[in-house]
Chemist: 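Submitted below is the structure of interest, expressed as structure tokens.
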Number of protein chains: 2
Amino acid sequence: MAEPWLDITAALVRASGLVSDICAKSAAEHGVTAQQAQLLCVLEQHPVAMAELGVLMRITKSSTTGLVDRAQDAGLVVRDTDADDRRSHLVSLTERGRQLGGTYRAMVTGRIATLIADVPDAERELLRAVLSQVVISNQARATWPAEPERAA
Amino acid sequence: MAEPWLDITAALVRASGLVSDICAKSAAEHGVTAQQAQLLCVLEQHPVAMAELGVLMRITKSSTTGLVDRAQDAGLVVRDTDADDRRSHLVSLTERGRQLGGTYRAMVTGRIATLIADVPDAERELLRAVLSQVVISNQARATWPAEPERAA
DNA sequence: CTCCGGAAGTTCGTGACACGTACTACACTA
DNA sequence: TAGTGTAGTACGTGTCACGAACTTCCGGAG
């Protein structure tokens, strides 16, 4: 059968689904859901208050409560009361959550490397640069950690 | 604050989330869910049997039944018995489903055009070509229609 | 010091959507 | 005709999203 031709919208939407499926599959292989895996990524760098978590993940307060409840039940995160404000809780990773998040990210990274293995280095770097600029300019959710700005 | 540096995995995962959010928001503005919008896209070209729908959308038979039930209740699709095999149903779009699917895709297309408005044409074409090749090579779910192969 | 408005988070009810299991109706083959 | 397999549905379960209402706590004004 003839290979289909994809315009930019089709390419981006289908690529989005492909990457999303890789994340979901990798999460399932770690015994967690895609949402829990995202939570672990968001918490990777430092503890975050519940309200801020909801903002970062673009979900409501009640959804945040449920997601953190289930992650806590699974032993992946803990809630600590903020000493300065007893209304507020800080959510942080347990050792188990940190380790699982690490191996999850390694698995996703490996699968993405396989996905783009046939893309020449120059095109891959352009893909990286263009998508980076697009997600930064459009305030994409930070559901995968970034590195600090590196020297040129 | 310093702009973060994203490697290829971070860029792809965050871009995936961004595009997914555009689809979800556009679907909600049409009064449907993201899954229902995907269903309308899959059915856009021709009616599909239930079993094949599940395969195309990468969901189980029971999930397919539920999704089609809710879309049928919303007046977006109909089921027809296959004359050759009375076990089988073909699912097709209603006029309302076809129209809603069309305006949904136009809305997503417009938002994606805005997303990449600042990307130079040459880079945009390379992005399109690279992502197209990646999604075709990796059998991404066809949750957005393609055009038939066009003459060079 | 007291009171009020607002913040932080939880609870509850609801609905979508995913899965697996078991079932019914139907098709095909020996 | 009987046995095997297919197509789809019903049911139970769990996750995850939302909005409304609630409790606890904080900070500022009077």
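Throughout, a chain's letter reflects where its sequence line sits, starting with A, and its residues are numbered from 1.
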Chemist: Is the CG atom of A:Asp118 crowded by more than 12 outside heavy atoms at less than 6.0 Å?
Modeler: no

Chemist: So, are B:Arg141 and A:Asp21 salt-bridged, with charged N and O less than 4.0 Å apart?
Modeler: yes

Chemist: I want to confirm an ordering. Mapping A:Lys61 and B:Asp84 to their closest nucleotides on DNA chain C, which one lands closer to the 5' end?
Modeler: A:Lys61

Chemist: Where each pair must be Watson-Crick or G-U wobble with both distances under 3.5 Å, what dot-bracket representation of DNA chain C is obtained, with crossing pairs in [ ] and other-strand partners as |?
Modeler: ||||||||||||||||||||||||||||||

Chemist: Indicate yes or no: does A:Glu29 engage A:Arg111 in a salt bridge with an N to O separation below 4.0 Å.
Modeler: yes

Chemist: Would you indicate what A:Ser63 reaches in the nucleic acid, counting non-hydrogen atoms under 4.0 angstrom: base, sugar-phosphate, or nothing?
Modeler: base

Chemist: For residues A:Leu40 and B:Val13: do they belong to one hydrophobic cluster (side chain heavy atoms under 4.5 Å, members Ile, Leu, Val, Met, Phe, Trp, Tyr)?
Modeler: no

Chemist: To the nearest Å, give me how far apart CG (A:Asp69) and C1' (D:dT15) are.
Modeler: 13 Å

Chemist: Grouping I, L, V, M, F, W and Y whenever their side-chain heavy atoms are under 4.5 Å apart, do A:Leu67 and A:Leu56 come out in a common cluster?
Modeler: yes

Chemist: Could you check how far CD1 of B:Ile59 sits from P of D:dG8, rounded to whole Å?
Modeler: 12 Å

Chemist: Take the protein atom CE of A:Met50 and the nucleotide atom C1' of D:dT23, then report the distance between them rounded to whole Å.
Modeler: 15 Å

Chemist: Excluding sequence neighbours, so at least two apart, what forms side chain to side chain contact (heavy atoms under 4.5 Å, CB included) with B:Arg105?
Modeler: B:Cys41, B:Glu44, B:Trp144, B:Pro145

Chemist: Could you tell me whether B:Thr65 contacts a base, only the sugar-phosphate backbone, or nothing, with contacts defined as non-hydrogen atoms closer than 4.0 Å?
Modeler: base

Chemist: Can you check the A:Asp82 CG to D:dG27 P distance for me, whole Å?
Modeler: 11 Å

Chemist: Using the test side-chain hydrogen bond (donor to acceptor under 3.5 Å, both in side chains), find all partners of B:Thr103 that sit at least two apart in sequence or belong to another chain.
Modeler: B:His30

Chemist: Could you state the NE2-P distance from B:His89 to D:dA10, rounded to the nearest angstrom?
Modeler: 10 Å

Chemist: Could you tell me the separation between the CZ atom of A:Arg86 and the C1' atom of D:dG27, rounded to a whole number of Å?
Modeler: 14 Å

Chemist: Considering residues at least two apart in sequence or located in another chain, which fulfil the salt bridge (Lys or Arg N to Asp or Glu O under 4.0 Å) criterion with A:Arg79?
Modeler: A:Asp69

Chemist: Can you sort out the partners of B:Thr114 under side chain to side chain contact (heavy atoms under 4.5 Å, CB included), two or more places apart, ordered by chain and number?
Modeler: none

Chemist: With a non-hydrogen cut-off below 4.0 angstrom, is A:Ser62 in contact with a base, only sugar-phosphate, or nothing?
Modeler: base

Chemist: Figure out the CZ/C1' separation between B:Arg87 and D:dA7, and round it to whole Å.
Modeler: 6 Å

Chemist: Quick one: B:Leu67 CG to D:dA10 C1', roughly how many Å, whole number?
Modeler: 17 Å

Chemist: Quick check on D:dG19: is either OP1 or OP2 less than 4.0 Å from any side-chain nitrogen or oxygen of A:Thr60?
Modeler: no

Chemist: Hey, where on DNA chain C does chain A first and last touch, going 5' to 3'? Cut-off is any atom under 4.0 Å from a heavy atom.
Modeler: C:dG6 to C:dT11

